[in-house]
**Q** 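A single structure is presented below for examination.
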Amino acid sequence: IGEVEIKQMMTVEELAQAMGKDIDHIYEALLYTDINLDSVEPDSVLQEDHIKMIVQKSGMKYKSAKLKEEKERKNTDAVKRPPADPADLTPRPPVVTILGHVDHGKTTLLDSLRKTQVASMEAGGITQHIGAFLVHMPSGEKITFLDTPGHAAFSAMRARGTNVTDIVILVVAAEDGVMQQTIESIEHAKNAGVPLVLAINKCDKPEADPERVKKELLAYDVVCEEFGGDVQAVNISALKGENLMVLAEATVALAEMLELKADATGLVEGTVIESRKDKGKGPLTTAIIQRGTLRKGCVLVAGKTWAKVRFLFDENGKAMDAASPGIPVEIMGWKEAPSAGDEILEVESEQRAQEVVAWRTYVEQQEKLKKDIEVIEAKQKEHRLEYKKKQEKLAHLTWRQRKAVLYKANKHLMFSRPKERTEMDENTLSLIVKGDVDGSLEAILNILDSYDCEDECKLDIVYFGLGDISENDISLAEAFNGVIFGFSVKANESIKKLADKKGIKIKLHNIIYKLVDDLKDELNCRLPSTVVDTTIGEASVLDTFSVTVGKNKIPVAGCRVHKGLLDRKMKFKLIRNRDVIWKGCLSSLKHHKDDVQVIKTGMDCGLSLDKNLEFNIGDEIICYEEKEVQQTTSWDPGF
Ligand SMILES: Nc1nc2c(ncn2[C@@H]2O[C@H](COP(=O)(O)OP(=O)(O)OP(=O)(O)O)[C@@H](O)[C@H]2O)c(=O)[nH]1
C-alpha cells in the first residue's frame, strides 16, 4: 500500500502530488463529502480530516510525521536585547520631528536648518534629502532632525509601534494662529508622550502676532513658560533664518532635561526612517541607530530582509566609519529595501540573518494560510448549510418520492415502472444502485444522468437507496433482470450466496471511476458484436488461364503475393477497380503443380476461387480473417 506524507493545510494540488495522482482523483474523492466542488480550486487548502479521508478512500495510508515537526518549528527570530545596565548609558543627541499645519513653514524650517550646516561645514554644497539630518551646534551639541514632513510619517511610525522621536517642534504661523492640523499635531505628540517646543514662525511678517498664538494654544493644553507652563516658545522666521539657533538651543535644553541616553556598546538596534533604491548602490536606507554602534561589516536584519553593511554615509553622502545612537545614517548593503518603521537588529552572522529572515517569512506564510483557511472554512460552512437544507427537503420523502423529484430534474433519464421480466428488452441494462451516504448516491445518480446512449442500450434505474445490499435488492434484481451496483457498501455472505444462486451480479466499488468502468462493461456486453475483416495477405493477378477438371473448365489466376501471406483456410475476396466483386473460400491453391496450404510474400501461385469466376489481369486477391468484435458504448461520463 502506498504511503502518503500529509501535512496540515495541504492544497488539492499538493495532495495530488503527494499521492502521485492527478487532481481529478482528488475531486472525485471529494464527491463523497459535503464539500461543494464548485468552491474547490487546485490551490484550495483542504481540511485535515478530508485529506485523511481522501488518502484512505484511495486505498493508501497516510503518514503525518511532518505535522509534528511543523508544529515544533523552532522560533529563530532575532529580538531586542534586554534593557541596558544604566552604567553603560551615555548621552545621545535628541531626535526631533517638526509638525504643524499646512503652509506654516515646516519645509522652509527644515531647509533653513540644513543650510546652517552647509555654511558651517566648509566642504558643504551637496545636501541630499535622505530622511534625516544632523545639526551641529556651536556649543558642540547635536540634534537629529527627521526630514519626513507631515504627520503621515510620524503617525505611520507610531502605528507600527516604533517611536524614534524624542521631541516635536510644533510650527505655528504667527499670522494664522492655531489651525486644524496644529490641533492634530498636538494630539499626535500627546499620544506618543513626546514633549513640544513651540516655533512661532513667519514673525518677519507685519501682521505676525506671536502672543495671540500662545494664548490660543492654552485651549489645547499647550502652556508656554510665560503662562507658567513648561513649553518653550521661540519666535522665528524660517524664511529669513532668524532665531533658528535659539530654537535649536531650546531643543537642546529640553533634551538635557529629558536626559536622553543610550548604550553605545553591543549589538546594534535601530529603526528604518526611509528606504530608497540607488541605481549604482542598490537599496539604501536611512536609519536612526538607537543602541550599539553601527560599523561596516555589521550584519543587520530588518523586516524580511538583511544586510551586510558595506558602507555608511551621512546626509551629505560622506562615508562614515561608525554611527552611534541618535545619529542618522544611510546604510548600503541590503539585499532588499526594508520598509520605513522596520526595526533594525544586528545579528552575529550572515547565516543567522538568513535564518531570521526565513523564520519571519515562514511566520508570515503561516498567518496568510491561516487567513486562507478561515475564508475557505467559512465558504465550506455555507455550502454545508445549503447542502443540509437540500437534504432536509428530501429527507422526509420515501425513495419513490425522491425518485420523482429527481425524475423531474432529470427528465430524460428513464425510470421504469415495474415490468415483468419477460417484457424486458434484451437491450436494456437494469440497475439497482446502493450507496453509503446521500452524497455518494447523488454523485452516482448524477453520473447516470449523463447517460445519453439510449439508442445503443437502454439504462433503467429500477431502484436506488442507501445501505448495504439487502434481500430486497436481490428480489428486485431478479424481477428486473438487473445488476446491483454498490458504492462503499457491503454484501454479507448470505446475500452473496443468494445472489449466486439466482445468478444475479453484485458489483461493489469504492472508487467512482472503477464503478463507471464496470458499468460500461455491463453496457458493452449488451451491445451486439460486429464482425471486422482483418487482412492477412494481398496478391496481384499477373496472368489468367484455365484448367479442366472433369467436364468443367475452371478459371485460374496466376498471382504473386506482395504482402503478408495467402492461407487456404482463410477467407478471400476479389477486388476489381476497387470494388469487392466476390467473397468466399478458395477452391484450390497451387505452387507450380503442388497443392499448398500457404503462399508467402514474393512467391507465385495459381489459385481458383469459383468455377464461374473469370479473372482479369490486374485484379487483387485479398486473404482475410473475420473477427467478431465487441462494440463499446459511446457514453462518456467524463471518467
Ligand atoms: N514670510 C515668511 N514666509 C514663510 C516663512 N516660512 C515659510 N514661509 C512661506 O510659507 C509658505 C509655506 O511654507 P512651507 O515651508 O512650504 O510650509 P509647510 O508647512 O512645509 O507646508 P506643507 O509642506 O504644505 O505642509 C512658503 O511660501 C514659504 O515661503 C517665514 O518665516 N516668513
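Each ligand, and each atom within it, is numbered from 1 in the order the structure gives.
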**Q** Taking a cutoff of less than 4.0 Å between a non-hydrogen atom of the residue and any ligand atom, is His101 in contact with ligand 1?
**A** yes
**Q** Out of Lys202, Lys240, Lys205, His104, indicate the one that has the non-hydrogen atom closest to atom 11 (C) of ligand 1.
**A**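 Looking at heavy atoms only, the winner is Lys202.
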**Q** Look at Glu336 together with Lys304 and state whether they make a salt bridge at an N to O cut-off of under 4.0 Å.
**A**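 No, no charged N to carboxylate O under 4.0 Å.
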**Q** Under 4.0 Å from a heavy atom of Lys106: give me the atoms of ligand 1 that qualify, with their elements.
**A**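 Every atom of ligand 1 under 4.0 Å from some heavy atom of Lys106: 15 (O), 17 (O), 18 (P), 19 (O), 20 (O), 25 (O).
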**Q** I'd like to check whether Val102 has a polar contact with ligand 1, where a contact means an N/O of the residue lying under 3.5 Å from an N/O of the ligand.
**A**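 Looking only at distances, the answer is no, because the N/O contact criterion of under 3.5 Å is not met.
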**Q** Atom 16 (O) of ligand 1: which of Leu110, Leu99, Thr107 has the nearest heavy atom?
**A**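 Considering heavy atoms of Leu110, Leu99, Thr107, the nearest to atom 16 (O) of ligand 1 sits in Thr107.
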**Q** Over all heavy atoms of both residues, which pair between Leu109 and Leu244 is shortest? Give the atoms and the distance, please.
**A**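 Heavy atoms of Leu109 and Leu244 come nearest at CD1-CD2, 3.6 Å.
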**Q** Counting from 1, what ligand 1 atoms have a heavy atom of Thr108 closer than 4.0 Å?
**A** 6 (N), 7 (C), 13 (O), 14 (P), 15 (O), 28 (C)
**Q** Can we say Arg114 and Asp111 salt-bridge, meaning some charged N sits less than 4.0 Å from an Asp/Glu carboxylate O?
**A** yes
**Q** Answer yes or no: does an N/O atom from Leu239 fall short of 3.5 Å to an N/O atom of ligand 1?
**A** yes
**Q** Going by an N to O cut-off under 4.0 Å, is there a salt bridge joining Lys215 and Glu211?
**A** no
**Q** Would you say Gly105 and ligand 1 have an N/O pair spaced under 3.5 Å apart?
**A** yes
**Q** Using a strict threshold of under 4.0 Å (side-chain N to carboxylate O), is an ion pair present between Arg212 and Glu216?
**A** yes
**Q** Test of understanding: given a 4.0 Å heavy-atom threshold, classify the contact between Asp204 and ligand 1 as side chain, backbone, both, or neither.
**A**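 The part of Asp204 near ligand 1 is the side chain, not the backbone.
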**Q** Where do Asp166 and Pro93 come nearest, in terms of heavy atoms and distance?
**A**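 Minimum heavy-atom contact is OD2-O, 4.3 Å.
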**Q** Picking from Ile6, Ile51, Thr11, what satisfies side chain to side chain contact (heavy atoms under 4.5 Å, CB included) with Leu46?
**A** Ile51
